[in-house]
Amino acid sequence: MKNIQKIKGTQDILPDISAKWQYIEKTVRTIMRRYGYNEIRTPMFEVTDLFARGIGQLTDIVSKEMYTFLDRSKKSITLRPEGTAPVMRAYLENNLGEARPVQKLYYISPMFRQENPQAGRLRQFHQFGVECIGPQAPEADVETIMVGLDIYRELGLKNFTVKINSVGDAESRIAYKAQLQEFLKPSFAQLCPTCQQRYETNPMRILDCKNEACNALIMDAPRILDALTSDARAHFDKVLALLDQNEVTYEIDHRLVRGLDYYTYTAYEFIGGSLGAQNALGGGGRYDLLAEEIGAKKQTCAVGFAAGIERLIMAMESENLFPELQAGVDVFIATFGGATQDAGFKLAHDLRKQNISTLTELMGRSLKAQMREANRSGARFALILGEDELRTRRASLKNLANSDQKEVDLNQIAEEIKSQLQSNQAR
RNA sequence: GUGGGCGUAGCUCAGGUGGUAGAGCGCCAGAUUGUGGCUCUGGUGGCCGCGGGUUCAAGUCCCGUCGCUCACCCCA
């Protein structure tokens, strides 16, 4: 009989690691609040069509990476591979735009893509992200970038860069695609097979191909920034000006096009410097056309980003940024079985009612073993409760950090622990 | 989907040219009749991923298979 194990590309987040997750999540929520973003939680699965139409049929995500299945009523369901389309769906479905012209939303949630796992790539992974829906103003683009930066800064991350580009509006892109095809036409035969396909379907994707031959060809390709309409160009210039004015350092990356079809105007990425092959910490941009792709009657402007939590953890570990996160209980009650065990159990109940975190012995071990357990658990105090103590109504309270031990009246234990915790912040 | 590396104790890993297994850490216990961390002593713990083949004999060689991992594509 084979042991059951986790599905490829998934992870068990065990207690020592989950403390890191909580640390990051707490920071994310703090910064989101600082910028006035509110949390939205959408379902983990959606009708397949949402992603097929929203993200684009010929993106890698839709064409080969989605977890799609038929439910019992033969409806096609997909585990969400990314967060933006569901948020936009929820925005439209709930008429959030009618309630307020600007909706600033954030999420922290799992995503699912059926790819081969490797460092920094999982089948279930987690992202936090923001969507600023409504404004067309460049300020909104810049604000989302600053949210991401502030989160990384707050966590102490140093080794990363911001890359930015504009993929223009529909008109700019039609013009640019034609320029690019024109440019590549003579050397079509030298392109890699996938890029030969892209040449027709989505020539801009050739720009971020990593194949040597394609790379060489693209070096001198025309730049999309030179093909932008005056509106698109003005928007991009304003974004850059705002970044400059607000102390954001960035690099313009002419080959940054991003993998999802819905981007317009601004596209940007947070690139980690210590991550290995999968080095994108997060990415985002403006997507003014997504709403209509999934059925909105009128154009809905929006900009946002998504960032990987697993990759952030990797980056933070390589920069050694996690503080001591061990949170031991306040007190471990050691007993000797029988009446002392019952008394200890009841005492724990009383202490917990007073918000003192308490551990009791559950294995019936020796005092020595219980003391070892108390130490291992990180408890601040050990309380020793034996027959004598029960009789005299006084128990021994030992401070495990400095080994100070004193007799305390059973009715005074909570007060004693509280005052000691307060006075010396015990360890 | 493709390619490389790796599967030996709870964890990290040793195990020239084949002779049925070891270390460190952890865990348990003792030194200390009711007191942790340090030290010392002892102990627990392994169908050597699985299946087949070669051989008197396989952790070791061969084949297959599964799993993990890194990488390609692409992305978080």
Side-chain angles (χ1 to χ4, degrees), chain A residues 1-11 14 16 55 58-65 80-84 108-129 148 192-195 197-198 202 205 208-212 214 256-260 269-272 275-284 305-315 328 332 334-337 340 363 365-390 395-405 427:
Chain A
M1 183 109 57
K2 208 87 204 295
N3 287 332
I4 296 175
Q5 23 183 173
K6 62 182 174 293
I7 288 174
K8 183 201 282 282
T10 63
Q11 276 185 329
L14 304 176
D16 52 327
I55 302 174
L58 33 87
T59 59
D60 283 6
I61 292 179
V62 174
S63 62
K64 59 184 196 193
E65 295 169 4
R80 77 174 156 220
E82 60 97 45
T84 299
I108 304 176
S109 19
M111 306 293 166
F112 306 86
R113 292 181 202 171
Q114 191 163 174
E115 304 182 81
N116 262 346
Q118 71 187 71
R121 170 188 288 154
L122 295 160
R123 289 188 171 184
Q124 176 178 340
F125 61 102
H126 299 75
Q127 295 182 326
F128 60 87
C192 73
T194 39
C195 281
Q197 277 191 335
R198 288 172 177 151
N202 195 351
R205 294 288 297 288
D208 67 358
C209 182
K210 282 158 196 145
N211 181 291
E212 290 279 342
C214 303
L256 172 56
V257 293
R258 306 214 31 83
L260 282 55
E269 282 182 354
F270 303 114
I271 303 294
L275 280 186
Q278 309 307 321
N279 65 355
L281 278 168
F305 74 84
I309 296 179
E310 286 86 351
R311 288 183 189 177
L312 176 55
I313 290 175
M314 285 169 65
F332 184 103
T335 56
F336 297 83
T340 64
M363 300 285 283
R365 289 172 287 189
S366 69
L367 178 64
K368 186 186 177 71
Q370 292 182 62
M371 291 300 288
R372 189 164 51 233
E373 182 65 37
N375 186 61
R376 185 164 39 208
S377 75
R380 262 78 154 240
F381 298 95
L383 185 84
I384 299 160
L385 190 61
E387 302 288 354
D388 294 346
E389 286 84 350
L390 273 187
S396 304
L397 184 66
K398 181 169 187 175
N399 183 324
L400 291 173
N402 57 20
S403 296
D404 285 352
Q405 182 166 329
R427 75 155 88 198

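Note that the structure is predicted; figures quoted are calculated from it, not measured. By convention in this document, chain letters (A, B, ...) are assigned in the order of the sequence lines, proteins followed by strands, and residues within each chain are numbered from 1.
A/T10 OG1 to A/Q5 CD: the interatomic distance, rounded to the nearest 0.5 Å, is 10.0 Å. Rounding to the nearest 0.5 Å gives a distance of 10.5 Å between CG of A/N116 and CD of A/E65. Note that the CD atom of A/E310 and the CG atom of A/L281 stand 12.0 Å from one another [nearest 0.5 Å].
Taking the P atoms as reference points, B/G10 lies 13 Å from B/G49, given to the whole Å. Annotation: B/U12 and B/U8 have their C1' atoms spaced 12 Å apart (nearest Å). For the C1' atoms, the distance from B/G19 to B/A58 is 10 Å, rounded to whole Å. For B/A57 and B/A21, the C1' atoms lie 16 Å apart once the distance is rounded to whole Å.
Of the candidate nucleotides B/C74, B/U35, B/C28, B/C74 has the atom nearest to the side chain of A/D60. Closest to the side chain of A/N116, from the set B/G34, B/G36, B/C72, is B/C72.
Taking 3.5 Å as the limit, the base of B/C75 and the side chain of A/R311 contain a donor-acceptor pair of atoms between them.
Going from atom CG of A/N402 over to atom P of B/G37 covers 16 Å, rounded to whole Å.
Scanning RNA chain B for stems, defined as runs of 3 or more consecutive Watson-Crick or G-U wobble pairs whose donor-acceptor distances all fall under 3.5 Å, gives the following ranges: B:1-7 with B:66-72, B:10-13 with B:22-25, B:27-31 with B:39-43, B:49-53 with B:61-65.
Centre separation under 5.5 Å together with a plane angle under 30° does not hold for the ring of A/F336 and the six-membered base ring of B/G34, so they are not marked as stacked.
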